[in-house]
S.K.: 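First, the structure itself, so that you have it in front of you.
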Amino acid sequence: MPSSEVQRIVLLVGLAIFGYLLVYTWTQDFGPGVQDTPPRQEAPLTQGGDTTPIPEFPEAELRDGVPDVPGEGISVPTGDDDVPVDLATPQKAEPERTALEDPVRLVHVRTPVHEVWIDRHGGDIVKLALPRFPKAVGSGETVTLFDRRQDHVYIAQSGLIGADGTDRNGRPLFTTRADEYDLEEGELELELRHESNGVALTKRYTFDADDYLIGVDLDVNNGSTDAFEAQVFVQMKRDASRPEDSGVPFGPRPYVGAAFTTPEDRYDKIDFEDLDDGTYRVEVDGGWAAVLQHYFVSAWVGTPGEVNAYYGRRLSDGNYAVGFVGPQFVVGPNQRASVGAQLYAGPKDQRRLEEIAPHLNLTVDYGFLWWMSVPLFHVLDAIHSVVGNWGVAIILLTFCVKLLLYPLASASYRSMAKMKKVMPQVKRLQERYSDNRQKLSQEMMALYKKEGANPLGGCLPLLVQMPVFLALYWVLIESVELRQAPFVLWIKDLAAMDPYFVLPLLYGVSFYAMQLLNPPPPDPMQAKVMKAMPIVFTALFIFFPAGLVLYWLVNNLLSLLQQWYITRKIEKASA
């Protein structure tokens, strides 16, 4: 086969692989079937003065503690009767007011890291905002993780089910000491109380001023003459819509869906649409169940030493439930018992997640190249701890990667320099054997061997960089540490596209300059492909994170210097 055809095929195959990886990732997270968030509706969600009793939850049956088909086992609330309430309505603090006496029913908690609204009906978290994370650079509006609106549902539920569970036939109505709680430092314990048939239930939320982990405990005080049997359940109820901040336009989108840890898989992702075909179930000692989105995660974490029945399922109202049911417990007459779980609701902080539960840090999802992304992030983070600027850290990381790949790239550039040297001889061979392709191929291969040139060497630097490119892409788009990280001047967010396209255009110029130092391909078709590549990649990089384009631009500039130096050195040696 003629060498020009070999070179053309290898180049096209390399570009095809790179293009396939981008298209595959794009279709997985951005393609058909993925729902976008509907426009937010600001219609009133309550009617003032309405004291009509709140309807009970319809039942969703369980088998072996996991939602299955009606008519078997015990039941867990689906939350289908959740009545949206107006979270903006101000509340007046009145001690021990029941949910039925308060049409709004919400308890408001403020901490340095959380702003939370809890519905007294069921004691669920129906809204949770993150004060330290603005939606956009310079925006006064913060990221909202949980929310319950007419057009969007994402809440955290918990309670007791089983033979005597307070949530078995409907949600309990709690009382609280106040409607408003503020925490500036230390811890805050918020207690919601309910009593029925001689059994007193206290649901206790424990907030920490500096931590996104919330403790949720259910204390049972059995004052009746009969034993009390129940199981704790916790779940996130969510629709399948995407959050507003869900990735780079026209680029691969971060994963939005459920995830579990199992004895077989440390990190098992379950798309919401997969739950349309049936219930997911697994039993795990301790374990966790999470719902992921861009930069943020919510996760129910089980108690180590307890075997919990984890599940994911589609509810009758079209939403999805992700959580677990704990083991059965019995409280004798005049006895007390406490069960519970922990709820993490906040950013994907790898170090903190790793401390909370085994493998929870894997919810920072770097994709199939995680084995490259993880060390890249740690190196980048170490550099940032010294220089204090993520843009400068990316530049220094580029130097490190370039130094690591120097032997391979140096050999490739020497091959290109030699190819440039023999190009006049190649053209003469093409003219001499224009009617005999087999002879032309033999003579060209003999020439390459004699001069130590490799016609495929020019493709190598680009292909070697592709895995690093994709791995760094996921580091920039998935690591919350780089979210809204400024660099210099106009670049206020390295994880977003360059607003003025300066970096992509500079990248295109550097790519074109690199081509000028390379020998022109002998094949006309290949030459056209190579000429179009700077334009194609510049157009593509317009939509990619500025930090990624910065990495590639610096890499190109270093490659230019290296290529110029090696070419000049070989030309001097030849002269």
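Sequence positions, counted from 1, serve as the residue numbers for this chain.
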S.K.: Hey, is Asp119 close enough to Arg148 for a salt bridge, meaning N to O under 4.0 Å?
M.R.: yes
S.K.: What residues, two or more places apart in sequence or in another chain, satisfy side chain to side chain contact (heavy atoms under 4.5 Å, CB included) together with Ser338?
M.R.: Asp217, Asp219
S.K.: Salt bridge or not for Arg110 and Glu184, using N-O below 4.0 Å?
M.R.: no
S.K.: Would the distance check show the side chain of Asp271 and the main-chain N or O of Glu273 forming a donor-acceptor pair, the cut-off being under 3.5 Å?
M.R.: no
S.K.: Checking the side chain of Gln235 only, and the main-chain atoms of Gln157 only, is there a donor and an acceptor separated by less than 3.5 Å?
M.R.: no
S.K.: Between His114 and Phe207, what is the ring plane arrangement, given parallel below 30°, perpendicular above 60°, and tilted in between?
M.R.: perpendicular
S.K.: Parallel, tilted or perpendicular, judged at 30° and 60°: which one describes the rings of Tyr507 and Phe537?
M.R.: tilted
S.K.: For the backbone of Arg171 and the side chain of Asp167, can you confirm whether one donor and one acceptor N or O come within less than 3.5 Å of each other?
M.R.: no
S.K.: Using side-chain heavy atoms (C-beta onward) and a distance below 4.5 Å, is Leu183 in contact with Val109?
M.R.: no
S.K.: Check whether Trp390 reaches the backbone of Gly547 with its side chain - one donor and one acceptor, N or O, closer than 3.5 Å.
M.R.: no
S.K.: Can a donor-acceptor pair be found, under 3.5 Å and without considering hydrogens, that links the side chain of Asp349 to the backbone of Arg351?
M.R.: yes
S.K.: Can Asp365 and Lys269 be said to form a salt bridge (charged side-chain N to carboxylate O under 4.0 Å, His left out), step by step?
M.R.: CA-CA 10 Å; Asp365 190 357; Lys269 292 195 299 184; 2.9 Å; yes
S.K.: Between Phe146 and Tyr154, how do the two ring planes meet: parallel, tilted or perpendicular, split at 30° and 60°?
M.R.: perpendicular
S.K.: Do the side chains of Asp124 and Lys237 get close enough for a salt bridge, i.e. N-O under 4.0 angstrom?
M.R.: no
S.K.: Using a strict threshold of under 4.0 Å (side-chain N to carboxylate O), is an ion pair present between Asp239 and Arg149?
M.R.: no
S.K.: Minimum heavy-atom separation for Arg313 and Leu275, please, with both atom names.
M.R.: N-CD1, 3.7 Å
S.K.: Passes side chain to side chain donor-acceptor pair (under 3.5 Å), Lys203 versus Ser158? Steps please.
M.R.: CA-CA 9 Å; Lys203 179 182 286 191; Ser158 58; 3.0 Å; yes
S.K.: When you measure from the side chain of Thr261 to the backbone of Tyr267, do you find a donor-acceptor pair of N or O atoms at a distance under 3.5 Å?
M.R.: no
S.K.: Is the Phe324 ring parallel, tilted or perpendicular to the Tyr310 ring (thresholds 30°, 60°)?
M.R.: tilted
S.K.: Are the side chain of Asp493 and the backbone of Gln484 linked by a donor-acceptor contact shorter than 3.5 Å?
M.R.: yes
S.K.: Only one of Tyr311, Phe272, Phe260, Tyr320 forms a ring pair (Phe, Tyr, Trp, His ring centres under 6.0 Å) with Tyr280, so which one is it?
M.R.: Phe260
S.K.: Is any NZ, NE, NH1 or NH2 atom of the basic residue among Glu191 and Arg193 found under 4.0 Å from an Asp or Glu carboxylate oxygen of the other?
M.R.: yes
S.K.: For the pair Trp117 (side chain) and His108 (backbone), establish whether a donor and an acceptor sit closer than 3.5 Å, ignoring hydrogens and angles.
M.R.: no
S.K.: Under the 3.5 angstrom rule, does the side chain of Glu115 hit a backbone N or O of Thr142 as a donor-acceptor pair?
M.R.: no
S.K.: A side-chain contact here means heavy atoms from C-beta on lying under 4.5 Å apart; do Pro467 and Met372 qualify?
M.R.: yes
S.K.: Taking Ser479 for the side chain and Glu481 for the main chain, is one N or O donor matched with an acceptor at less than 3.5 Å?
M.R.: no
